[in-house]
**Student:** 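Structure in structure tokens, see below.
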Amino acid sequence: MKKIINQPDQVVDQMLKGFVYANGERVKRVPNTTVIVQKHKEKNKVALVSGGGSGHEPAHTGFVGKGMLTAAVAGEVFTSPSPDQVLEGIKAADNGAGVLLIIKNYTGDVMNFEMAKELAEAEGIVVEQLIVDDDIAVEDSTHTAGKRGVAGTVIVHKILGAAADLGMSLTDIKALGDRLVKQMKSIGVAMTAATVPEVGKPGFSLADDEMEYGVGIHSEPGYHRTKVKSSASIAEELVSKLKQAFDFQNGETYGLLVNGLGATPLMEQYIFLHDVEKQLANEDVDVAFKKVGALMTSLDMNGVSLTLVKLEQDWLKLWQHPVDVTDW
Amino acid sequence: MKKIINQPDQVVDQMLKGFVYANGERVKRVPNTTVIVQKHKEKNKVALVSGGGSGHEPAHTGFVGKGMLTAAVAGEVFTSPSPDQVLEGIKAADNGAGVLLIIKNYTGDVMNFEMAKELAEAEGIVVEQLIVDDDIAVEDSTHTAGKRGVAGTVIVHKILGAAADLGMSLTDIKALGDRLVKQMKSIGVAMTAATVPEVGKPGFSLADDEMEYGVGIHSEPGYHRTKVKSSASIAEELVSKLKQAFDFQNGETYGLLVNGLGATPLMEQYIFLHDVEKQLANEDVDVAFKKVGALMTSLDMNGVSLTLVKLEQDWLKLWQHPVDVTDW
Amino acid sequence: MLTVNNTKAWLERFADKIKTNKAYLSELDSVIGDGDHGNNMARGVKAMKEKLAEGDYVEPEEVLKDASMALLSKIGGASGPLYGSAFLGMSKQADQDSADIHAIVKAGLDGITKRGKAEVGEKTMVDVWSPIVEHLEKGTVTIEAVQDSVEATKDLKASKGRASYLGERSLGELDPGAVSSGYLFEAMIEGEIIDE
Amino acid sequence: MLTVNNTKAWLERFADKIKTNKAYLSELDSVIGDGDHGNNMARGVKAMKEKLAEGDYVEPEEVLKDASMALLSKIGGASGPLYGSAFLGMSKQADQDSADIHAIVKAGLDGITKRGKAEVGEKTMVDVWSPIVEHLEKGTVTIEAVQDSVEATKDLKASKGRASYLGERSLGELDPGAVSSGYLFEAMIEGEIIDE
Ligand SMILES: Nc1ncnc2c1ncn2[C@@H]1O[C@H](COP(=O)(O)OP(=O)(O)O)[C@@H](O)[C@H]1O
Ligand SMILES: Nc1ncnc2c1ncn2[C@@H]1O[C@H](COP(=O)(O)OP(=O)(O)O)[C@@H](O)[C@H]1O
Ligand SMILES: [Mg+2]
Ligand SMILES: [Mg+2]
Ligand SMILES: [Mg+2]
Ligand SMILES: [Mg+2]
């Protein structure tokens, strides 16, 4: 394991210290917690709180700031934060207009955030929750914990963050979020697995000439292992899966995110996007925005994911709404 | 070699196509060239043109836009673009107030950009050039091609870009740039080397437990190979080298950049920054800005570099001047 | 019956087993999950041990309550809320009747299923808690019985938790949460809490 | 003396040698540079060949001029401007006197040193061009002479170009640009351009 770290069990704390040192004008850390919160909050705006296990940087701390998240709660690497940490996040974020929790759909995250919600409600704070489950690599059946939450979560942060900044009510934001999540789908591919510092070896192993379709952002298994393919054929596979899941209709408008998983050069992300563009050129759908970058990573995993979101009328405006965060 | 690409000799063209697809509202590509230029240029402002070999993304295309570069010229991977490409960049960028070329100090870049400058001057365009040589890993002696240009180049883009946006003259920007480059120093460390697509194997090899101090962004050799060290001791080494080179004086104000080299998780960059913070706490100098991220990469190299710049009075304002670019 | 002392001894013994098997638990979790169960549990029981060492307890339910809070706030992930809920349930029931171990453990199981919604057979810690509750009722609980129920999770296909993404491929592997729960019950038996 | 035909034949032969040795040149460059010299040169000579195939030339300097432009715009890196300047210098001199091969090659060398500021002994292509100019003057140029000067770059310590960062460690290795320049002169000799 080659990592620029110190003690493996200290990575989260030390990372947060570095983050606050760099961005102390925009954010602060709630003392004795793993909560990063906006420094200059605005009264009577709905607060958005997200978070989860660490190792997905810049998610979620990098999106704390005006126009996106009010607070982010960091767990240990790939491990959901506990209810008391999330509760601290809720309390620090609340502006008096209620709090929306944005949760990636993993058993641990859902349970810890839900318990925090119960605790916060007991303290009189109005809390709603939104569960993001955009990863179509896993079937949504009663035989699994359900679809996983992956890179699309960042789109939720952006669009709902704009809604909150524009003064929308908690009920309306929650409703908007429910529609948004239903219309958003992601799928990824991994060339290598991530190595959790405390574990010290990759979460799974792939031969030098192998890759895997559908891997999750904590190295959860995908649906097909194969020899390394060209960017063009990866794009073909991922777009066809998304096309099928969406059932593209003429004239629809989509937003698109190519997400690097942590160790993937930006050059490759753009090459991949170009291949996605070629695939989509065959479809009679519009792509209103395209975002590229390592936004929801999996430590040092090499790979990309592709997210599409079917846009409603006003969503593009929300997407373009200005933000003041560290990593947008 | 595991890369999400197609034909290795097509990576630059396909990357630029993806880049323009994603950012077509802000930039355009000059037809039949590798030049990316601002779409909405402002008359009578000095134009900044940079570029060099590809493989350093987001440098330089990601910094094209209001407040930073007017145009970026992309060469083949790790290979300077040719004079005719740079000339196209100069012509596309010129707003009538002259053009400043920002060149990283490599033999190839310097010669190609200089020839382009001569060609442009022959066409009546006023051109100045600024050579960035911030890497203190290499001695600046008559026995080498001189210090290399690395991550500090991005700071030059930012500060001079603001000066240009504020309407400063070419002469003044050039003079500012000369002072800035003199007061800026970088040094890096690599855990792994980069693999150029057309070469197919890493530029050098390091054992599983080795790292190297002072490696350049094209895998140029560093000054010391050693067993993998903790983030804290890497910070100690790099800060001590910078301290010595600057000869820190009480009360000075610096700006700081922690730059990921391409495959380094953001988590590690922040942990490293935290260790740098601890080292600098022993010094009686001020750090007015801290920027963190993969800004001047070396394809899939795993490593970080640290840049310090000693700030003059007005530079912080220029640093904070708003920009509209893809990757700031 | 539960006393302050035997409860503390039980939980300390549990903590020691987790600590000893930290790497093993993470190893199991790396096969069908994300490789952190040992680290999660070790972080939790360390905090629990420290908290119990400080406490000045009069009743066993206070010990269980503090354990619950420590585990809940330090384990994280899926097992944090589950162990937290289990211990909270046990604490409440011990407050009613500290002599009925069966009822206490059953309350723990109820805490788990209420929070995690898993049923028997979904390859989770429930597949250890549930048979142990039955054994306690019948008075047949033994180390072997615990180990058998842990071992039996190998034959189950996961449909809850992270392992569920593996589907068929989860067959043949032990469930990490079942193994850590097994340690809890081994420690209970070894602590001679259960009256003959 | 240079004619349109023997100049084209010379440069085509050069192009073929580069193509054949593309991987070898990059390999050499990966030892003391950045591993792209073969790819750079191959890209350049491919463009040059295409351009020369199209051209309808009356004078050899036109061939050299087109070659210069193709190399300059397609090689990139350090060697692009250097080969470009060399061929531009040769073209200008051929325009003066297409019979004096020594003067033509010397003008090429001048183009290189004017652009790259390297002197003899700095482990660059200059260390092939310069002895060849001398040999041409003395009428002693042979394949062996070319190969000797290429080989001799092994004993030099680089102080120009990317290899200079290696300092002492550049000793014992061939200079890639010297090797590619060697091909140019081998092709010239094989093309029987030099009058006996
Ligand atoms: N819904 C559930 N009900 C009961 N137990 C569960 C459930 N989901 C997961 N578990 C248990 O949690 C264990 C995994 O815990 P852990 O690895 O610490 O958390 P995570 O899965 O978040 O990484 C599994 O082995 C399983 O026993
Ligand atoms: N200043 C210089 N003068 C003459 N030749 C030089 C100079 N710098 C570099 N070279 C030549 O260029 C060759 C490297 O070319 P190439 O690898 O194509 O470019 P780069 O170094 O930009 O990657 C070296 O082997 C050397 O012969
Ligand atoms: Mg986990
Ligand atoms: Mg090069
Ligand atoms: Mg786990
Ligand atoms: Mg080279």
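Below, chains carry the letters A, B, ... as their sequence lines are ordered, and counting in each starts from 1. No hydrogens, no waters, no symmetry mates; every other heavy atom, side chains included, goes into these values.
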**Student:** Heavy-atom count check: over 12 atoms from other residues, nucleotides or ligands less than 6.0 Å from Asn282(B) CG?
**Tutor:**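 More than 12 within 6.0 Å, yes.
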**Student:** For Tyr270(A), does the six-membered ring have the charged nitrogen or CZ of Lys17(B) within the cation-pi criterion, i.e. under 6.0 angstrom from the centroid and within 45° of the normal?
**Tutor:**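 No, a cation-pi geometry is absent between Lys17(B) and Tyr270(A).
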**Student:** Less than 4.5 Å to any heavy atom of chain B: does that hold for the side chain of Thr61(A), its backbone, both, or neither?
**Tutor:**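 Neither part.
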**Student:** Checking heavy atoms, do the side chain of Ser298(B), its backbone, both or neither come under 4.5 Å from chain A?
**Tutor:**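 Answer is neither: Ser298(B) stays 4.5 Å or more from chain A.
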**Student:** Based on non-hydrogen pairs under 4.5 Å, which of Met301(B), Lys2(B), Met15(B) is most in contact with chain A?
**Tutor:**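 If we count pairs closer than 4.5 Å to chain A, Lys2(B) comes out on top.
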**Student:** Looking at Gln10(A), Glu277(A), Gln269(A), which one has more heavy-atom pairs under 4.5 Å with chain B than the rest?
**Tutor:**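 Option with the greatest count: Glu277(A).
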**Student:** What part of Val228(A) lies closer than 4.5 angstrom to a heavy atom of chain B: side chain, backbone, both or neither?
**Tutor:**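 Contact with chain B: side chain only.
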**Student:** Quick check on Val20(A) against chain B: is it the side chain, the backbone, both or neither that has a heavy atom closer than 4.5 Å?
**Tutor:**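 The answer is neither part of Val20(A).
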**Student:** If you count heavy-atom pairs within less than 4.5 Å of chain B, which of Glu210(A), Glu25(A), His56(A) leads?
**Tutor:**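 The option with the most such pairs is Glu210(A).
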**Student:** Name the atoms and distances for all side-chain donor-acceptor pairs under 3.5 Å in residues 260-268 of chain A, with sequence neighbours left out.
**Tutor:**
{"unit_1": "Thr264(A)", "atom_1": "OG1", "unit_2": "Asn302(A)", "atom_2": "OD1", "d": "3.2"}
{"unit_1": "Thr264(A)", "atom_1": "OG1", "unit_2": "Gly303(A)", "atom_2": "N", "d": "2.8"}
{"unit_1": "Thr264(A)", "atom_1": "OG1", "unit_2": "Gly303(A)", "atom_2": "O", "d": "2.7"}
{"unit_1": "Glu268(A)", "atom_1": "OE1", "unit_2": "Ile4(B)", "atom_2": "N", "d": "2.8"}

**Student:** Is Val258(B) in contact with chain A via its backbone, its side chain, both, or neither, using a 4.5 Å heavy-atom distance?
**Tutor:**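 Neither the backbone nor the side chain of Val258(B) comes within 4.5 Å of chain A.
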**Student:** Side chain from CB out, backbone as N, CA, C, O: work out which of these in Leu16(B) comes under 4.5 Å of a heavy atom of chain A, or both, or neither.
**Tutor:**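 Contact with chain A: none, neither part.
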**Student:** Can you name the nearest heavy-atom pair linking Asn6(A) to Ala232(B), along with the distance?
**Tutor:**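 Here Asn6(A) and Ala232(B) meet closest at OD1-N, 2.9 Å.
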**Student:** Which one, Thr297(A), Asp275(A), Asp209(A), leads in non-hydrogen pairs under 4.5 Å with chain B?
**Tutor:**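 Greatest number of close heavy-atom pairs with chain B: Asp275(A).
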**Student:** Does any backbone or side-chain atom of Ile5(B) lie under 4.5 Å from a heavy atom of chain A? Answer side chain, backbone, both or neither.
**Tutor:**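 Backbone plus side chain of Ile5(B), per the 4.5 Å heavy-atom cut-off to chain A.
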**Student:** In the structure I gave you, are the side-chain heavy atoms of His274(A) and Tyr21(B) within less than 4.5 Å of one another anywhere?
**Tutor:**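 No, side chains not in contact.
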**Student:** Select, from Ser54(B), Ala22(B), Ser230(B), the one with the greatest count of heavy-atom pairs under 4.5 Å involving chain A.
**Tutor:**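 Most heavy-atom pairs within the cutoff with chain A belong to Ala22(B).
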**Student:** Checking Val304(B) against chain A: side chain, backbone, both or neither under 4.5 Å from a heavy atom?
**Tutor:**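 Both the backbone and the side chain of Val304(B) come within 4.5 Å of chain A.
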**Student:** With a 4.5 angstrom heavy-atom cut-off, which part of Asp13(B) approaches chain A: side chain, backbone, both or neither?
**Tutor:**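 Neither part.
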**Student:** Roughly how far, to the nearest 0.5 Å, is the CE atom of Met191(A) from the CE atom of Met1(B)?
**Tutor:**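 The CE atom of Met1(B) sits 9.5 Å away from the CE atom of Met191(A).
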